[in-house]
Amino acid sequence: MTVRVRFAPSPTGFLHVGGGRTALYNYLFARNNGGTFILRSDDTDEARSTDEFRADILESLRWLGLDWDEGIEAGGPMETYRQSARLSRYQEVVAGLVADGKAYYSFATPEQLDTFRKEAMAAGKSPAYDGSLEPSAADAAARVAAGESATVRFAVPRPGSTVFDDVVRETVTFDHAQVEDFVILRSNGTPTYHLASTVDDVDFGITHVIRGEDLLSSTPKHVLLTEAMGAHRATYVHLSLLMGPDGKKLSKRHGHTAIKAYRDEGYLADAMLNYLALLGWSPGDDDTVIALDEMVKRFDLATVSKNPAIFDTDKLLWMNGVYIREMPAADFVDGVRSLVEVDLGRELAADELDTLGEIAPLVQERAKLLNEVPAQVRFLFGDIEYDETSWNKVMTKDGAAEAVAGATEHLTAVGEWSVEAVEAALRAMLAERELSARKGFQPLRVAISGSSVSPPLFESIAALGRERSLDRLATAASRMV
RNA sequence: GCCCCGUUCGUCUAGCGGCCUAGGACGCCACCCUCUCAAGGUGGUAGCACGGGUUCAAAUCCCGUACGGGGUACCA
């Protein structure tokens, strides 16, 4: 049997990190098995679904590099992969179920249901509605014929129970006393999530339903529905949820939850994927940094962990640094160029691009976020701006003025302007003035870059050029008196 | 309330009855390297929720308790 899995977000919000992980696990499982990865849009909630969210989900998935084989915008054997376009099919299924006596028209009002549930709870019993408030079949038929509006509920066999083997949770049992006669068709004729999602899974030939644990208790409904349709149930896989640092459900107040927010902050898709993969799965062999194709080879649903994972950005940040350092130098420059240009508010000239190329490898070693880069290279492309804290800490110390004066003297004498020549000149200055490297170079760093933290000094000076470097030393000297 | 799921360092995890004096990674601390900051290197810190069983032997199996998460809609 060929594996067919789907990622079926509902466009009622941005693709968040938990959704990204679910998509990734579906992708890994499909690729590992030579199966098909399908993208579907579970947009039965018209009121909350928007095109903005639909676009965000596609864009986020593409950014991550999780390409799907079939579904939204990719096409495939099905006519459509949007639930909002499959209304008639759902109504057809519901009609069949009603005809078979597996579902019924329900006239219970919200108030009646509310009372039913409250009373059940007060009695310490399950609040699951069992259909006991409904009229006889004949009455129901008459009322429907008379045009009275009603929902359609699935008739859960009672007594009974549903048992299924979840790949990560093993055998799970639900007594039907806990499963209510759930609504499958709203009174306005639209399907509920349970119906639409299950019908799609059946129609699309989904073999493995890999989704969040929040749907675990809905699974008996899906199993019942599937079997009522005369179909074979899928294998279910419920992934634990992602939590915030305080152990509570991950939400906005913990920081960013949207995948795209991480892209915008300067995270790399590969780092994101690697980090997300490790939240609930381990490739074994004590490996931590692992590429997508390697994950595909080693992925195994049976080893996915059962417990919720906390989304910890410290580790993500570290991992992003690892991936930045692993980037080919040219890719790094490409990735950072537009950020630098946005920061400067203008495009980089050809010679400035060369300068960026020169300094980039040194910055690449240090960055953990792409977005940190502009601030680190800004001194090369604009006027000097002093960080006052740095200035006060460094330029008021003994020897600072002497270092600047000495550097001016020695650098003026440099012939060919190169990293080596600059270093030789400055080290000679140190020896002559009997200054330690620390005391002698920090003032120069502040004079050149404006900050006590910068890319390596000699390279920075070499990249800045003779004129501008000497100019900055002069500016600093005059500011010090 | 009721139902379901879970519980190994602060965090992500390895572990599937003896290889565990519990391994790796992030974080943190120290040292080394060093022109700053990073990176890198070395070392260190810290954990089997608790209580009962089962067994010659339990982090690993069973039961209970506690705690956490999810569900309990004409949301998904």
Side-chain angles (χ1 to χ4, degrees), chain A residues 8-10 12-13 42-45 47-49 106 110 113-114 117-118 120-129 149-153 166 168-169 172-175 177-180 182-188 190 192-194 196-197 212-220 238 240-241 243 245 247-249 275 278-282 284-289 303 305-319 321-322 325 362-368 372 376 390 394 423 426-427 430 436-442 444-446 449 451-458 460:
Chain A
S10 56
T12 54
D42 278 15
D43 55 355
T44 51
D45 186 347
R48 293 195 303 144
S49 296
S106 167
L113 291 168
D114 192 48
R117 289 175 185 130
K118 280 189 176 135
M121 265 194 257
K125 291 189 297 194
S126 163
Y129 178 54
S149 86
T151 60
V152 176
R153 287 179 185 274
D166 187 285
V168 335
R169 279 155 221 286
V172 183
T173 305
F174 284 89
D175 190 299
Q178 305 298 331
V179 183
E180 72 171 351
F182 53 103
V183 172
I184 55 179
L185 202 67
R186 302 185 182 103
S187 51
N188 66 5
T190 61
T192 59
Y193 166 79
H194 296 123
S197 177
E213 195 191 0
D214 50 338
L215 265 350
L216 184 63
S217 7
S218 296
T219 303
H238 288 94
S240 62
L241 268 18
M243 300 292 152
K248 300 294 179 193
K249 188 171 173 154
Y275 176 69
L278 263 29
L279 251 30
W281 175 68
S282 165
D285 293 338
D286 288 341
D287 287 327
T288 302
V289 178
T303 63
S305 86
K306 301 166 165 58
N307 34 342
I310 288 175
F311 188 81
D312 167 31
T313 46
D314 277 352
K315 194 165 184 174
L316 208 209
L317 188 62
W318 163 79
M319 188 164 280
V322 170
R325 275 173 257 130
L362 300 167
V363 176
Q364 186 175 356
E365 274 178 49
R366 296 167 164 68
K368 288 191 171 172
E372 293 171 357
Q376 289 178 30
S390 295
V394 175
E423 174 163 11
L426 294 180
R427 292 214 183 270
L430 242 38
S436 66
R438 194 181 195 92
K439 281 194 83 111
F441 289 160
Q442 276 305 82
L444 307 185
R445 185 183 310 284
V446 173
S449 75
S451 167
S452 60
V453 177
S454 83
L457 224 213
F458 315 133
S460 295

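Throughout, a chain's letter reflects where its sequence line sits, starting with A, and its residues are numbered from 1.
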Give, for atom OG of A:S240 and atom CG of A:L279, the distance between the pair rounded to the nearest 0.5 Å.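 Result: 8.0 Å between the selected atoms.
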What nucleic acid atoms does [X] come within less than 4.0 Å of, heavy atoms only: base, sugar-phosphate, or nothing?
X      : answer
A:R445 : base
A:M243 : sugar-phosphate
A:E423 : nothing

From the list [options], which nucleotide is the closest neighbour of the side chain of [X]?
X      : options             : answer
A:N307 : B:U7, B:A76, B:C35  : B:U7
A:H194 : B:C35, B:C74, B:A76 : B:A76
A:A309 : B:C5, B:G69, B:C12  : B:C12
A:L279 : B:C12, B:U36, B:G70 : B:C12
A:T151 : B:C74, B:C3, B:U8   : B:C74
A:D286 : B:A76, B:G23, B:C4  : B:G23
A:K248 : B:C12, B:A76, B:G69 : B:G69
A:S187 : B:U13, B:C74, B:C4  : B:C74
A:T288 : B:A25, B:G70, B:C75 : B:A25

Using whole Å, what does the distance between atom C1' of nucleotide B:G6 and atom CD of A:E213 come to? 7 Å
Rounded to the nearest Å, what distance is computed from the CZ atom of residue A:F311 to the P atom of nucleotide B:C26?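 So the CZ-P distance, A:F311 to B:C26, works out to 18 Å.
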State whether the distance check finds a donor on one side and an acceptor on the other, under 3.5 Å, for side chain [X] versus base [N].
X      : N     : answer
A:R366 : B:C37 : yes
A:K315 : B:C12 : yes
A:S217 : B:C3  : no

Taking all non-hydrogen atoms of both residues, which atom of A:I310 and which atom of A:P245 are closest, and how far apart?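 So the two residues come closest at CG2-CA, 3.6 Å.
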Quick check: does any side chain N or O of A:R325 sit under 3.5 Å from a backbone N or O of A:K368, one acting as donor and the other as acceptor? no
